[in-house]
2 protein chains.
Amino acid sequence: MVARLTDGLREESLAALPAWSYEPGRDAITRRFLFTDFTEAFAFMTRVALIAEKADHHPEWSNVWNRVDILLTTHDAGGLSTRDLQLAAAIDALVKA
Amino acid sequence: MVARLTDGLREESLAALPAWSYEPGRDAITRRFLFTDFTEAFAFMTRVALIAEKADHHPEWSNVWNRVDILLTTHDAGGLSTRDLQLAAAIDALVKA
């Protein structure tokens, strides 16, 4: 069972994920990704899906054509946990690569 | 350019898509799909993505683990068109098969 991050640890950790926004209402982080078209967006989603399944930690996400919105939180922990930070970093690595 | 359905034609057409709900505010149709787990949900999404790309008509959709919510409307037509009805029927065929 993974624990929800303390406020101090969360602030420190999110400094390393500047592209993500913190949503206090959900104790979650979100990021919007924009691509050239649907095939680029869905290719990205497929890579994220494989990472998420391997980590057994899944995003809440939506897609409209070239746009993908991802929200990460840990339902079992009742908020943001280290699992979200790890998944966010792995997703960031996909678009940086 | 595809035209928005008239009220009469829309009501008649939606009778053939009983699993879909009409959303007047968006002039759109929506359906929720539930699967065993994330891999089943994402496998379904991948099949829908290929159909959508081939039809050059894409859904607004979201996924949370085993759940996929799909909304169909035609932005170019300012509402529901025959393209949405065709895509809805093709998606229905995936889960019936």
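Lettering follows sequence order; numbering is per chain, from 1.
Linking ILVMFWY side-chain heavy atoms closer than 4.5 Å, directly or via other members, places B:Phe33 and B:Leu50 in two distinct hydrophobic clusters. B:Val95 is not connected to B:Leu71 by any chain of hydrophobic side-chain contacts under 4.5 Å among Ile, Leu, Val, Met, Phe, Trp and Tyr, and they are in different clusters. A:Leu80 and A:Val2 fall into different hydrophobic clusters, where Ile, Leu, Val, Met, Phe, Trp and Tyr residues are linked whenever their side-chain heavy atoms come under 4.5 Å apart, directly or through other members.
Atom CD of A:Glu12 sits in a sparse spot, with 12 or fewer heavy atoms from other residues, nucleotides or ligands closer than 6.0 Å.
Note: B:Met45 CE to A:Thr46 OG1 = 9.0 Å, rounded to the nearest 0.5 Å. The distance from atom CG of A:Asn66 to atom NE2 of B:His58, rounded to the nearest 0.5 Å, is 10.0 Å.
Counting heavy-atom pairs closer than 4.5 Å to chain B, the top residue among A:Val64, A:Val68, A:Asn63 is A:Asn63.
Aromatic ring pairs are classed by plane angle as parallel below 30°, tilted from 30° to 60° and perpendicular above 60°; the pair A:Phe42 and B:Trp61 is parallel.
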